[in-house]
Q: 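Before I ask anything, let me first share the structure, which is written out below as structure tokens.
This chain uses plain numbering: 1 for the first residue, then up along the sequence.
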Amino acid sequence: VQLQASGGGLVQAGGSLGLSCAASGRTFSQYAMGWMRQAPGKERESVAVISWSGHSIYYADSVKGRFTISRDDARNTVLLQMNSLQPEDTAVYYCAADKSVPALTAVYADYWGQGTQVTVSS
């Protein structure tokens with residue numbers, strides 16, 4: 001599975017951004033997908049994870065109620081809609097794939113996309 005993330009950018013606090021991750025490979029629907037982020041000087045953290053079926057979803061406490069993860073298996077795409085963005089959301093965001101939801105929540109993945117920068121100005 002190859003992953004290509006896009007959609008980052010600069011936004012003011014309170015604004016919204018949508019990230020997209022396009023996956024190649026016929027087995028995309030068999031994988032749980034996740035979005036991770038890493039801010040300068042901080043460890044990489046799991047932000048949102050969605051199971052292969054879409055029925056199980058995990059959000060970090062810091063983004064609950066503001067971020068929404070979804071997947072479109074017909075288009076091999078996973079999305080992250082980010083609303084009410086805050087300066088502390090500034091980070092490089094990565095999409096990742098693994099067959100295990102717990103693995104992704106622990107910031108472990110078999111496949112990683114390149115990062116996309118999200119910057120939130122105050």
Q: Do Leu104 and Met36 have side-chain heavy atoms sitting under 4.5 Å apart?
A: yes
Q: Give, for atom OG of Ser29 and atom CZ of Arg71, the distance between the pair rounded to the nearest 0.5 Å.
A: 7.0 Å
Q: Mind checking what makes side chain to side chain donor-acceptor pair (under 3.5 Å) contact with Lys64, not counting sequence neighbours?
A: Asp61
Q: Can you give me the closest heavy-atom contact between Met82 and Leu85, atom names plus distance?
A: CB-CD2, 3.8 Å
Q: Which pairs with one or both residues in residues 20-41 pass ring-ring contact (aromatic ring centres under 6.0 Å, His included), sequence neighbours excluded?
A: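 Only Tyr31-Tyr111 qualify under ring-ring contact (aromatic ring centres under 6.0 Å, His included).
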Q: At their closest point, which heavy atom of Leu3 faces which heavy atom of Met33, and how far apart are they?
A: CD2-CE, 3.9 Å
Q: Report yes if the side chains of Ile50 and Val78 come closer than 4.5 Å at any heavy-atom pair, otherwise no.
A: yes
Q: Indicate yes or no for a side-chain donor-acceptor contact from Gln86 to the backbone of Ser84 under 3.5 Å, with no hydrogens or angles considered.
A: yes
Q: Once side-chain contact (heavy atoms from CB on, under 4.5 Å) is applied, do any residues pair with Ser100, and if so which ones, sequence neighbours excluded?
A: Asp98, Pro102, Ala103
Q: Could you tell me which residues satisfy side chain to side chain donor-acceptor pair (under 3.5 Å) with Arg37, sequence neighbours excluded, listed by chain and number?
A: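 Once residues adjacent in sequence are excluded, the partners of Arg37 under the side chain to side chain donor-acceptor pair (under 3.5 Å) criterion are Glu45, Ser62, Asp89, Tyr93.
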Q: Same cluster or not: are Trp112 and Leu79 linked, directly or through other Ile, Leu, Val, Met, Phe, Trp or Tyr residues, by side-chain heavy atoms under 4.5 angstrom apart?
A: no
Q: Show me the side-chain donor-acceptor pairs of residues 4-20 shorter than 3.5 Å, one per line, residues at least two apart or across chains.
A:
residue: Ser16; atom: OG; partner: Asn83; partner atom: OD1; Å: 2.9

Q: Counting only heavy atoms not in Gln114, do more than 12 fall under 6.0 Å of its CD?
A: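 Enclosed: over 12 neighbouring heavy atoms sit under 6.0 Å from CD of Gln114.
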Q: Start with the C-alpha gap between Thr68 and Leu80, add the side-chain angles, then the distance that decides, and say whether side chain to side chain contact (heavy atoms under 4.5 Å, CB included) holds.
A: CA-CA 6 Å; Thr68 302; Leu80 185 69; over 6 Å; no
Q: Can you give me every donor-acceptor pair (side chain of residues 52-60, partner residue at least two apart or in another chain, under 3.5 Å) with its distance?
A:
residue: Ser53; atom: OG; partner: Ser51; partner atom: OG; Å: 3.3
residue: Ser53; atom: OG; partner: His55; partner atom: N; Å: 3.2
residue: Tyr59; atom: OH; partner: Ile69; partner atom: N; Å: 2.9

